[in-house]
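Heads up: the structure comes next, in structure tokens.
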Number of protein chains: 2
Amino acid sequence: MMLQEQRHKMIESFLKHQKAVKASELAVLLDVSIDTVRRDLEILEKKGLVKKVHGGAVLIQNTDNVLNKLFSEREVKNIEKKQEVASLAIELIEEGQAIALNGGTTTIEIAKAIVDKFKRLTVITNDLRILSILGANKHFNVILTGGFFNPEEYTLYGKQCEEILSNFNIDIAFITVNAISLEHGLTDFRINEVGVIQSMLSRSKYKIVAADSSKFETSAFINICPLKEIDLIVTDHSLPSDVLEEYSNQNIRILSPH
Amino acid sequence: MMLQEQRHKMIESFLKHQKAVKASELAVLLDVSIDTVRRDLEILEKKGLVKKVHGGAVLIQNTDNVLNKLFSEREVKNIEKKQEVASLAIELIEEGQAIALNGGTTTIEIAKAIVDKFKRLTVITNDLRILSILGANKHFNVILTGGFFNPEEYTLYGKQCEEILSNFNIDIAFITVNAISLEHGLTDFRINEVGVIQSMLSRSKYKIVAADSSKFETSAFINICPLKEIDLIVTDHSLPSDVLEEYSNQNIRILSPH
DNA sequence: CATCCTTTTGCAATATTTTGCTTTTTTTCA
DNA sequence: TGAAAAAAAGCAAAATATTGCAAAAGGATG
């Protein structure tokens, strides 16, 4: 017989692949009675991982929309490009400055890069993954915006989160967004992240967007701000030269590795 | 017969491959009684390497949770007493309430206890270890006070941290402090934590101090507040009856397991 | 090496938790 | 509406935990 904990893990991973499962199937699979399966599902439901339905259970989907999910799957793929962006971006930072990093995979790469390069920095972020990278370094002054915890993204959001930012004068904000276009400016699917980004931008002297080349000339659902409010976009080497030229014509500055 | 140390190593390496193991399996494998296995697992649990579950134990993996990478385990003093305090304290909570937990090992035990017992709670805290425990339950509404990150305690502090609390109306605040005495009231050594505690108390309808018996009639450097501002102190069974009586004479309510 | 002391171990009695079965109630769908 | 399937509730048996205790093992000391 298996441990309860193991059964729960199996049910979870089963549901991650199948979205829905019958209680009777699980009983066979786990070699326990259907009653035990029901009790297991009850516990998982209490934790908010599954939802019990007549006949079995279904996986609890992200409350965020499906587009967001599709996007975050694409995100992980461009990791080398993001590293390229990050190493270029951190060249703009000077020792001792106060910088802001919003939630996102590109800013995570920036965090990884600065932890090696700088001795002393003040960093304000709403992303707990960034905190976990920078927090180990005792010389860094890390400030976390407070607010509501988003367990999907490991970020914080909300009015309180945005208010706290108004206490600080930030030298550089490094912002990552889902999409950039000349027509719509910065846009995003993450409904809760947008407010944080806007607050960070408004509190920063120098506003930089860090975005790999795949983000250009795409757009997402929620408007953040027009591109003219941004001081600089940092990207990777594979941005087509015609895009680069067009942005340049519109007076949007782009920094990319030559 | 094998040395205790060797058994522990074997259990560890076994768990590294198998993630979970039954106590009865280990008894056969190590050729000792199941009681000895349980005692071994208890020791490994205290070291933070495994988690005991009914029937055996599971490996604690910091890959489960981004934040866990940050935390280095420290030996917790009086953990059994703190668990006793925690299980008594959570009896006072009702489903759906909003509670506050400040930073400290006793509040961590409270967090572990509530995550299993309750389905839906709103919790506000300045402790990242508490966040990482409660994050396991997707139905919990977890709010993190923002502020400066303290890498020694994994907590947040500062003016901003205290201000954010003023946005919320908390049902119950569970507070842990270094020291309690009739003469000095609540006192603490953690200079940055004091402000957070005071803010939490001022925002809460019901103010509860959770403290194991070793804290009584000791005092620390920084004053927090006199005992008369506290509604209830929850403690463990080993508080001497004369202390209990004296507090009772002074109209300080104490709850302890009978 | 015998003695004392501490720690560890296994055992037995007791308590707790988990499980599967039975019965009753609810839900589904024709 | 009514029959079949599923879920909930209650219960007893099995598995697991806990506690206290005595025996065994191991160490230190003279």
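Proteins get letters first, then strands, A, B, ... in listed order; numbering begins at 1 in each. Just so it is clear, the model here is predicted, and its values are computed rather than measured.
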Interatomic distance where [atom1] belongs to [X] and [atom2] belongs to [N] [whole Å]:
X	N	atom1	atom2	answer
A:Met1	D:dT16	CE	P	9 Å
B:Leu26	C:dT9	CG	P	14 Å
A:Leu41	C:dT18	CG	C1'	16 Å
B:Glu80	D:dT18	CD	C1'	13 Å
B:Leu30	C:dG10	CG	P	11 Å
B:Glu5	D:dG26	CD	C1'	16 Å
B:Asp116	C:dT18	CG	P	11 Å

Backbone of A:Asn126 reached by a side-chain donor or acceptor of A:Asn102 within 3.5 Å: no
Minimum side-chain heavy-atom gap A:Thr145-A:Thr125 below 4.5 Å: no
B:Asp127 vs B:Leu101 side-chain heavy atoms within contact, under 4.5 Å: no
B:Glu91 bridged to B:Lys117 by N-O distance under 4.0 Å: yes
SB check A:Arg39 A:Glu42 (cutoff 4.0 Å): no
Contact pattern, 5' to 3', of nucleotides 4-15 of chain D - B, S or - by protein heavy atom under 4.0 Å: --SBSB------
Side-chain donor-acceptor contact under 3.5 Å, B:Ser181 with B:Ser219: no
Below 4.0 Å: OP1/OP2 of C:dT19 and any side-chain N or O of A:Ser33: no
N/O (side chain, B:Gln4) to phosphate O (OP1/OP2, C:dT9) under 4.0 Å: yes
Residue whose closest nucleotide on DNA chain C lies nearer the 5' end, B:Thr36 versus A:Asp31: B:Thr36
